[in-house]
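Shown next, in structure tokens, is the structure this report addresses.
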Amino acid sequence: MAKFLNTTGVSYHLEELIKNTNDRLILISPYLQFHKRIKDHLENLNIQKRDIRIIYRENKLQVEESNWLESQIGIRTSLCNSLHAKCYLNENEAIVTSMNLYSFSQQNNDEMGIYVTKEKDPDLYNDILNEVQRLLTISEEIRITVKKVDKEVEKQSEQTIKNVQKNRDFSKSKLLTTKELSKLTGISSRKVNDWLTDNKLMYKRYDDWITTKRGKELGGVEKDGQYGQFVIWPEEIAEHITK
């Protein structure tokens, strides 16, 4: 019979599910940020040549996460742009939950989930497995590549931020969305977002854009919108994005 899980229960059973994998493991989560213990378990399974698949949605991993996944040759990753479900499954157990495979979620959010075993709920387990296999079919398998931090690029980035800050009073500036900055600079919104994230002015958490301390110092302001939180920026920042 299916078992209800609270946040602590989801975290516990997820770790046990991964540890107890003997054949195949499928992890489905729109966002990824691996806790060290989860990494240790996955590395151990990978050494044992278990079949490990990860499906996620947001193709903007932190450098550390990208490099770790790149080092795990046996782990296969796929992107599914429409993914919102969170499900974790091995050959005997399944968890369907609200919790992403994300350290922040495990430590800070109030989550719920359902734990199912193939032995006690074979029909329900197979229904979950069939949907998981469908997601595997429609997802695009990708190969994570190692990202290297270029120290020279970092220095240039720091200088750019200093130039933006120098003698600027942003209190009277016109504040623009990234879409408006895109129109002003002639650069796509995606590249504007990339510039802001690469310069550590903001980052994405789930569907929300969050300003960093540095971003706030440069006049970034968080706003709530129809599709989640976004950030508006002083128009003066546009001249630096184009450089």
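Computed from a prediction, not measured in an experiment: that's the story for all the values here. When reading the values below, keep in mind they use all heavy atoms of this one structure, side chains included, and skip hydrogens, waters and symmetry mates.
With rounding to the nearest 0.5 Å, the separation of CG in L89 from CD1 in I28 is 7.5 Å. Distance check: Y102 OH to Y56 OH gives 13.0 Å after rounding to the nearest 0.5 Å. To the nearest 0.5 Å, atom CD1 of residue I26 and atom CG of residue D51 are 7.5 Å apart. Annotation: the span from E140 atom CD to N81 atom CG amounts to 8.0 Å, rounded to 0.5 Å. A distance of 7.5 Å separates CG of L83 from OG of S29, quoted to the nearest 0.5 Å. Once rounded to the nearest 0.5 Å, the distance linking CD1 of I55 with CG of L136 reads 4.0 Å.
For S98 (side chain) and E111 (main-chain N/O), no donor-acceptor pair under 3.5 Å exists by modelled atom type. Remark: the backbone N or O of Y203 is not paired with any side-chain donor or acceptor of T197 at under 3.5 angstrom. Side chain of S71 to main chain of W68: a donor-acceptor pair is present (N/O by atom type, distance under 3.5 Å, no hydrogens or angles). A donor-acceptor pair is defined here as one N or O able to donate and one able to accept, closer than 3.5 Å; no such pair exists between the side chain of R57 and the backbone of Y31. In terms of modelled atom types and a separation under 3.5 Å, the side chain of N46 and the main chain of L42 share no donor-acceptor contact. Of the possible polar contacts, none joining the R53 side chain to the S78 backbone as a donor-acceptor pair under 3.5 Å is found. Using a distance-only test at 3.5 Å, with no hydrogens or angles considered, a donor-acceptor pair links the side chain of Q229 to the main chain of W209. Although no hydrogens or angles enter the test, the distance criterion places a donor-acceptor pair under 3.5 Å between the side chain of T212 and the main chain of L201. Remark: the backbone N or O of L101 is paired with a side-chain donor or acceptor of Y88 at under 3.5 angstrom.
I210 and V221 are assigned to two separate hydrophobic clusters, defined by single-linkage of ILVMFWY side chains at heavy-atom distances under 4.5 Å. Each of L17 and V96 belongs to its own hydrophobic cluster when Ile, Leu, Val, Met, Phe, Trp and Tyr are linked at side-chain heavy-atom distances under 4.5 angstrom. In the hydrophobic cluster analysis, where Ile, Leu, Val, Met, Phe, Trp and Tyr join through side-chain heavy atoms closer than 4.5 angstrom, L135 is grouped apart from I142. Following chains of ILVMFWY side-chain contacts shorter than 4.5 Å, one cannot reach Y115 starting from Y12, and the two form parts of different hydrophobic clusters. Both I95 and F34 belong to a single network of hydrophobic side chains, linked directly or stepwise wherever heavy atoms of I, L, V, M, F, W or Y lie under 4.5 Å apart.
Take K179 and apply the side chain to side chain donor-acceptor pair (under 3.5 Å) test, not counting sequence neighbours, and it matches no residue.
At least one side-chain heavy atom of H41 sits under 4.5 Å from a side-chain heavy atom of K19. For the pair E93/N20, a side-chain contact is recorded, criterion being any heavy-atom separation below 4.5 Å from C-beta on. Residues K120 and M1 fail the side-chain proximity criterion, which asks for heavy atoms closer than 4.5 Å. Contact check for L196 versus W233: side-chain heavy atoms found under the 4.5 Å cut-off. The shortest side-chain heavy-atom distance between V231 and T178 does not fall under the 4.5 Å cut-off. E15 places none of its side-chain heavy atoms less than 4.5 Å from the side chain of H35. In this structure, the side chains of I241 and L184 stay at 4.5 Å or more apart for every pair of heavy atoms. Looking at I52 and Q72, their side chains never come closer than 4.5 Å, going by heavy atoms from C-beta outward.
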Any chance you could lay out the side-chain hydrogen bond (donor to acceptor under 3.5 Å, both in side chains) test for T211 and K216, step after step, and finish with the verdict?
CA-CA 6 Å; T211 47; K216 287 183 172 68; 2.9 Å; yes
In sequence, state the C-alpha distance, the side-chain angles, and the governing distance for L175 and K223, and then conclude on side chain to side chain contact (heavy atoms under 4.5 Å, CB included).
CA-CA 11 Å; L175 297 176; K223 294 286 184 180; 6.0 Å; no
Let's go through Q133 and N130 carefully: what are the C-alpha distance in whole Å and the side-chain angles of both, what is the deciding distance for side chain to side chain contact (heavy atoms under 4.5 Å, CB included) to 0.1 Å, and is it a yes or a no?
CA-CA 5 Å; Q133 290 176 330; N130 288 337; 3.8 Å; yes
Under the criterion salt bridge (charged side-chain N to carboxylate O under 4.0 Å, His left out), I'd like the reasoning laid out for R214 against E217: C-alpha separation, chi angles, the key distance, then a yes or no.
CA-CA 5 Å; R214 171 188 275 183; E217 290 173 352; over 6 Å; no
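Of all the heavy atoms in A238 and L181, the pair that sits closest is CB-CD2, 4.0 Å. Taking all atoms of both residues into account, the shortest heavy-atom contact from P234 to G220 is CD-N, 4.4 Å. Contact between F4 and N6 at its shortest, heavy atoms only, is CE2-N, 4.1 Å. Between A2 and D121 the shortest heavy-atom distance is N-OD2, 2.9 Å. Counting all heavy atoms, side chain and backbone alike, L25 lies closest to T21 at CD1-OG1, 3.7 Å.
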Kindly list each side-chain donor-acceptor pair under 3.5 angstrom involving residues 122-129, sequence neighbours excluded, with atom names and distances?
unit_1	atom_1	unit_2	atom_2	d
Y125	OH	N90	O	2.5
Y125	OH	E91	O	3.2
N126	ND2	P122	O	3.0

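In K39, the NZ atom is crowded: over 12 heavy atoms of neighbouring residues, nucleotides or ligands sit closer than 6.0 Å. Around CD of Q48, the count of heavy atoms belonging to other residues, nucleotides or ligands within 6.0 Å exceeds 12.
Partner of R50 under the side chain to side chain contact (heavy atoms under 4.5 Å, CB included) criterion, out of L45, I75, N44: L45 alone.
Between the side chains of E235 and S173, no donor N or O sits under 3.5 Å from an acceptor N or O.
Under the 4.0 Å criterion applied to side-chain N and carboxylate O atoms, K183 and E180 are not assigned as salt-bridge partners.
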